[in-house]
Amino acid sequence: MVEAVTLTSLRCEEVRELLPAYALDALSDPEQYAVRQHLSECGQHSELQSLRATAAALAARAPQVEPPRWLRDRVVGVARPTAAAFDVPPLVGSPRLSRDHPQTRRWLMIAGAVVAALVIAGVAWSVGRMNTDGRSLVGSTQNTQGSSMRVLYIEQPATIVMRFVGLPRLTERVYQVWVIRNSTPVTLGQFDSDVDGAVDVVMEGSLRSGDTVAITVEPPAGSVAPSSTPLLEVTY
Amino acid sequence: MPAADDLVQRLQVRDPAALGELYDNVSRRAFGLAMRIVGEREAAATVVQQSFDWLWRNASNLEPTRGRPEALLLAVVHRRAVEARRGISRDDGAAGPDWAAFSDAPDDPSPFLTEDLFRASRESFANLPTEQQYILDAVYFEGLRQDEVASRTGLPRETVRSRVRLGLEGLRAMLGGQ
């Protein structure tokens, strides 16, 4: 606390003292709140910008580390279903794709083609099990709460595409996807559901006959094993 | 910086290839930063994934003239990693940085986290007094609030506060007031 200061009404001079720590997110919650209040009403603190930029430059002190290879597909995989949900045209055949790296392009075209087929044509789910092009419908399921999941599997590259309808929005929890093989669950990753209607999730992962694809609700960082009964599951 | 403008515009309209490009530009820094803060690969990957996810959902708020998306992404990663370390989880609406902080950015986006600035930042940091370096590291990488640094080190609170302030202001001055 700043000595003898009523935090809810800081003077400019006091705010100036606190701004470096504010830029570093290092104030106590009440101080942070008081500074934010002051800034919302006072236009005298443009130095915050350069302090923020300086604080952000501290990131340079962390070494660069190569992330796991699967992370890219997981990050970019989020884009397609979200794009579809936001109704952004066109996912496939866009000239923009040609600017990207060959590997990405390949991934995008395959994943994009699947999602586009699902979202735009809406037929892929209804034709039953497909074995052309190494794609197959793993199965579909619905629970008593009105949520449903359909799962499609693409062999090359090994990709699992899930369409969820009616998933409740979560706060402070995430959905986590599992492949259960011989009673052992292996996670494919987490996703948030923050849109109404259908959510398409594309994840890297291989499936064999007899595997079960399941989702559970987990803490934000995910769990190492399912901590609750699956909300939805289908077996290949 | 036309390339950045182009990337921002493509992110704004949610071009998935733009997300891939942003990832290629910044993922090693983002993952390294998350690793340094949370210390564990799986948790760091989750932080990075959720940060991209957040940026993607808020991409329509980006503006080409207001800083590079790489800088914003790193700010989100930092915030989320610190929250993970502090054991805080928030819903996504609260987990990003203040938009206001980015909306008042200077028109020239180049001050934001170019490789030159990164190099300058490392060099300048080394020129700060050791006690300021120590406290800035504790705040930035360990996610400690300044009063927590005081409790941990046994230093008077005002000493910690003044080192945080002098450290960041000193660094800013060495970086040319950027």
Side-chain angles (χ1 to χ4, degrees), chain A residues 17 20-21 23-28 36 39-40 46 48-68 71-72 74-76 78-80 82-83 86 88 91 94 96-97 99-101 104-105 107-108 112 171-172 189-192 194 219-222 224, chain B residues 10 13-17 19-21 23-24 27-29 31-33 35-36 41 43 45-46 48-49 52-53 56-57 71 74-75 78-79 82 84 89-92 101 104-106 111-113 117-118 121-122 125 136 139-141 144-147 161 164-165 168-169 171-172 175 177-178:
Chain A
E17 290 262 299
L24 284 161
D25 194 20
L27 291 176
S28 66
R36 193 175 296 142
L39 294 174
S40 69
S46 58
L48 176 61
Q49 201 52 52
S50 60
L51 289 170
R52 289 255 193 208
T54 308
L58 288 172
R61 303 202 60 249
Q64 298 194 50
V65 179
E66 195 65 43
L71 185 59
R72 189 184 197 284
R74 225 168 263 185
V75 164
V76 178
V78 166
R80 247 147 316 291
T82 316
F86 281 97
V88 174
L91 288 172
S94 161
R96 283 175 181 144
L97 292 180
R99 285 211 302 261
D100 215 310
H101 305 298
T104 313
R105 191 161 67 243
W107 165 261
L108 285 172
T171 51
E172 301 186 356
Q190 298 100 305
F191 67 95
D192 298 331
D194 61 353
V224 289
Chain B
R10 287 157 55 217
V13 298
R14 291 198 174 77
D15 173 359
L19 189 67
E21 195 174 314
Y23 183 88
D24 293 337
S27 62
R28 295 181 75 244
R29 283 209 178 281
F31 190 68
L33 177 60
M35 276 293 290
R36 172 83 192 259
R41 283 179 72 82
T46 300
V48 172
Q49 183 180 354
F52 274 99
D53 197 9
W56 181 248
R57 278 201 303 274
L74 287 178
H78 179 258
R79 173 73 59 96
V82 164
S89 65
R90 307 186 191 197
D91 65 35
D92 273 339
D104 294 328
F112 286 84
L113 303 194
L117 180 63
F118 271 125
S121 167
R122 283 192 297 272
F125 192 89
L136 286 182
V139 164
Y140 188 78
F141 288 118
L144 294 177
R145 296 191 172 88
Q146 52 188 6
D147 291 349
R161 285 168 170 258
V164 167
R165 190 176 69 249
L168 196 67
E169 287 176 351
L171 196 55
R172 176 176 63 171
L175 292 172
Q178 286 170 342

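Each chain gets a letter, A, B and so on, in the order the sequences are listed, and its residues count up from 1. Basis for what follows: all heavy atoms, side chains included, without hydrogens, waters or symmetry-related copies.
For chain A, the nearby parts of Ala45(B) are the backbone and the side chain; heavy atoms of each come within less than 4.5 Å. Interface remark: Arg28(B) contributes backbone and side-chain atoms alike to the contact with chain A (heavy atom separation under 4.5 Å).
Summarising the geometry, atom CG belonging to Asp25(A) is positioned 11.5 Å from atom CG belonging to Leu144(B); distances are rounded to the nearest 0.5 Å. If you take CG on Asp53(B) and CD on Gln190(A), they are separated by 10.5 Å, rounding to the nearest 0.5 Å. From Leu58(A), atom CG reaches atom CG of Leu168(B) across 6.5 Å, with rounding to the nearest 0.5 Å.
Residues Arg165(B) and Pro20(A) share a closest heavy-atom pair of CG-CG, 3.5 Å. When all heavy atoms of Pro16(B) and Val76(A) are compared, the pair lying nearest together is O-CG1, 4.3 Å. Taking every heavy atom of both residues into account, Ala60(A) and Phe118(B) meet most closely at CB-CD2, 2.7 Å. Taking both residues in full, the closest heavy atoms of Arg172(B) and Ser50(A) are given as NH1-OG, 2.9 Å, listed atom of the first, atom of the second, then distance. Considering every non-hydrogen atom in both Leu24(A) and Val139(B), the closest pair reads CB-CG1, 3.8 Å. Across every non-hydrogen atom of Arg29(B) and Ala62(A), the tightest pair is NH1-O, 4.5 Å.
When side chains are defined from C-beta on, Ser27(B) does not count as touching Arg72(A), because their heavy atoms never get closer than 4.5 Å.
No side-chain donor-acceptor contact under 3.5 Å links Arg145(B) and Ser28(A).
Taking Glu169(B), Arg122(B), His78(B) one by one and counting their heavy-atom pairs under 4.5 Å with chain A, the maximum is reached by Arg122(B). Note: Ala55(A) leads Ala55(A), Gly222(A), Ser40(A) in heavy-atom pairs under 4.5 Å with chain B.
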Starting from the C-alpha separation in whole Å, work towards a yes-or-no answer on side chain to side chain contact (heavy atoms under 4.5 Å, CB included) for Leu71(A) and Tyr23(B). CA-CA 10 Å; Leu71(A) 185 59; Tyr23(B) 183 88; 3.4 Å; yes

Arg61(A)/Phe125(B) under side chain to side chain contact (heavy atoms under 4.5 Å, CB included): CA gap, chis, key distance, verdict: CA-CA 9 Å; Arg61(A) 303 202 60 249; Phe125(B) 192 89; 3.1 Å; yes

